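For clarity, every value in this text was computed on a predicted model and none was experimentally measured.
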Amino acid sequence: LFLFSFYDVTGMARHLEKMAAKGWMLQAITPFGLRYRRIEPKALRFTACYYPSASTFDPEPGEGQLTLQDFCAWSGWELATSQGQLQIFYTDRPDATPIQTDPAIELRLIRQAGKKVLPGHLLLLLLGLLNMGMNLWNLFSQPLFWLSSAASLFGLVCWASLLIYLTADLGCYFFWLRRAEKAAEQGVFLPTRGCGRLQRVMLGAVALAGVYWLCTEQLPGMRQLVLVYLAGFALLLAAVNGVKGLLRRKKVSARRNLALTLAADVVLALVLTGAMGWGILRAVQS
C-alpha cells in the first residue's frame with residue numbers, strides 16, 4: 001500500500017532504498033498500491049520529486065516532463081516510475097549530483113503539489129467532522145442501542161480513524177512547511193516526516209473493527225451483503241481506473257479524459273448503489 005503523506009518525499013526515498021537493498025525495485029505506482037519487480041539486492045539512492053504540471057490523466061508525458069527526465073538521466077538518475085505529479089528516480093552512483101540543488105525550489109514544488117491534494121483532504125476532514133458529530137449525538141442520545149450495535153461501532157471507528165489521521169497529517173504538513181521555509185532561507189532542505197505509521201495504526205483499527213462487526217453480526221445475510229458490497233466497490237475502482245487507462249492509451253486529452261472518467265464513475269456508482277438497494281429489498285421481502 002502507498003502509505004505515505006504526499007509531502008513525505010524523504011520517507012518515500014528511504015523506503016525504496018530499503019526495498020532495493022532487499023532485492024525489490026519499484027515498477028509502478030497504481031491506485032491499489034506500489035508494484036515491485038525482483039532484482040539483485042543493490043545499494044541504490046532514490047529521490048522523489050514533483051512536477052506539478054503533470055497529471056494522471058495525461059495521455060503521455062509533456063515536453064517539460066520529458067526535459068526533466070532527460071536532464072536527470074544526463075546527471076545519472078534513471079526514472080523508476082511516475083504517477084501524475086510524483087516522479088521517482090534512482091541511481092547507483094554515490095557521487096551523483098542531487099536532482100534538486102535549491103531547497104527553495106524543491107519546497108515550492110511540494111507546495112504546488114499540495115494545492116492539488118489539500119482540497120480533497122479538507123473535504124474528507126469536513127465529512128469526518130460531520131459524521132463524527134452525528135455518531136456522537138446518537139451515542140449520547142441512545143447509548144445502549146448504539147453500543148450494542150457492532151455496525152454502529154464500526155462506523156464510529158472508521159470516521160474517528162479518518163478524522164484523527166487527517167488532522168494529524170495536515171497539522172504535520174503545515175508545521176513542517178513553516179520550519180522548512182526557515183531552513184530554505186539558510187540553503188538547507190528540511191527532511192520530511194509524514195504520518196505513515198499513524199496511517200497503519202488507523203487502518204489496523206478499522207480492520208479489527210470490521211472483523212468484530214462481521215463476527216458478531218446477527219442479521220441474516222448481512223455478512224454476505226457486506227462482502228458483496230466490498231467486492232462491488234473494488235470492481236468499481238478497477239472499472240473507473242480501467243476507463244482512465246483506456247482513454248490514456250487512446251491518446252485522449254487530459255481534460256476530456258477527466259470528464260469521461262468522472263462520468264463513468266458517477267454512472268457505475270449509481271448502478272452499484274441501485275443494485276445494492278435492490279438486493280437489500282429482495283432480502284427483506286424474502
Side-chain angles (χ1 to χ4, degrees), residues 1-37 39 42-56 58 61-62 64-118 120-121 165 169-170 172-177 179-181 183-184 188-200:
L1 297 177
F2 190 82
L3 301 179
F4 298 97
S5 302
F6 77 90
Y7 57 90
D8 189 16
V9 292
T10 303
M12 296 179 201
R14 288 176 179 172
H15 171 76
L16 295 175
E17 288 170 358
K18 292 179 181 178
M19 294 298 291
K22 296 178 182 179
W24 295 102
M25 168 60 75
L26 179 66
Q27 187 174 15
I29 303 175
T30 74
F32 299 96
L34 302 174
R35 186 168 71 240
Y36 295 89
R37 59 181 173 87
I39 62 171
K42 295 180 180 180
L44 300 176
R45 292 171 57 197
F46 280 82
T47 187
C49 60
Y50 282 100
Y51 187 78
S53 299
S55 167
T56 56
D58 290 335
Q65 190 175 355
L66 291 175
T67 300
L68 171 65
Q69 295 175 5
D70 290 340
F71 172 77
C72 292
W74 179 80
S75 302
W77 293 88
E78 297 295 329
L79 179 68
T81 189
S82 63
Q83 174 72 356
Q85 305 178 81
L86 183 60
Q87 316 289 307
I88 305 291
F89 296 91
Y90 71 94
T91 182
D92 58 358
R93 292 167 47 182
D95 60 341
T97 303
I99 293 177
Q100 295 290 352
T101 56
D102 189 336
I105 294 178
E106 187 170 7
L107 185 62
R108 176 171 57 83
L109 293 175
I110 294 177
R111 189 187 291 111
Q112 290 177 356
K115 291 180 180 179
K116 295 184 178 181
V117 177
L118 290 177
H121 278 46
Y165 169 72
D169 195 46
L170 290 172
C172 287
Y173 170 64
F174 288 111
F175 179 70
W176 170 81
L177 192 62
R179 296 176 60 214
E181 290 173 346
V188 178
F189 178 77
L190 185 68
T192 60
R193 185 175 182 179
C195 296
R197 291 183 179 179
L198 177 62
Q199 192 173 4
R200 292 180 178 88

TODO: List in chain and number order the residues that pass ring pair (Phe, Tyr, Trp, His ring centres under 6.0 Å) with F46, two or more places apart in sequence or in another chain; answer none if no residue qualifies.
DONE: Y90
Task: Heavy atoms from other residues, nucleotides or ligands near NZ of K42 exceed 12 (cutoff 6.0 Å) - done: no
Task: Validation row, ring centre F6 to ring centre Y50 under 6.0 Å - done: no
Task: Distance (rounded to the nearest 0.5 Å) between L66 CG and L79 CG - done: 10.0 Å
- [ ] Drop me the distance from L26's CG to Y36's OH, to the nearest 0.5 angstrom.
- [x] 6.0 Å
- [ ] Supply the atom-to-atom distance I110 CD1 to D8 CG, rounded to the nearest 0.5 angstrom.
- [x] 9.5 Å
Open item on the list: Please identify which of these residues, Q85, R111, K115, meets the side chain to side chain contact (heavy atoms under 4.5 Å, CB included) condition with P52.
Closed with: Q85
Task: Distance, nearest 0.5 Å, that separates CE of M19 from CG of L34 - done: 8.5 Å
- [ ] Count the heavy atoms of every other residue, nucleotide or ligand shown that sit under 6.0 Å from CZ of R93, and state whether that count exceeds 12.
- [x] yes
- [ ] Over 60° means perpendicular and under 30° means parallel, so classify the ring planes of W176 and Y7, tilted if in between.
- [x] parallel
Open item on the list: Just to verify, what does E78 make a salt bridge (charged side-chain N to carboxylate O under 4.0 Å, His left out) with, not counting sequence neighbours?
Closed with: none
- [ ] Look up atom CG in L86 and atom SG in C49, then write down how far apart they are to the nearest 0.5 Å.
- [x] 7.5 Å
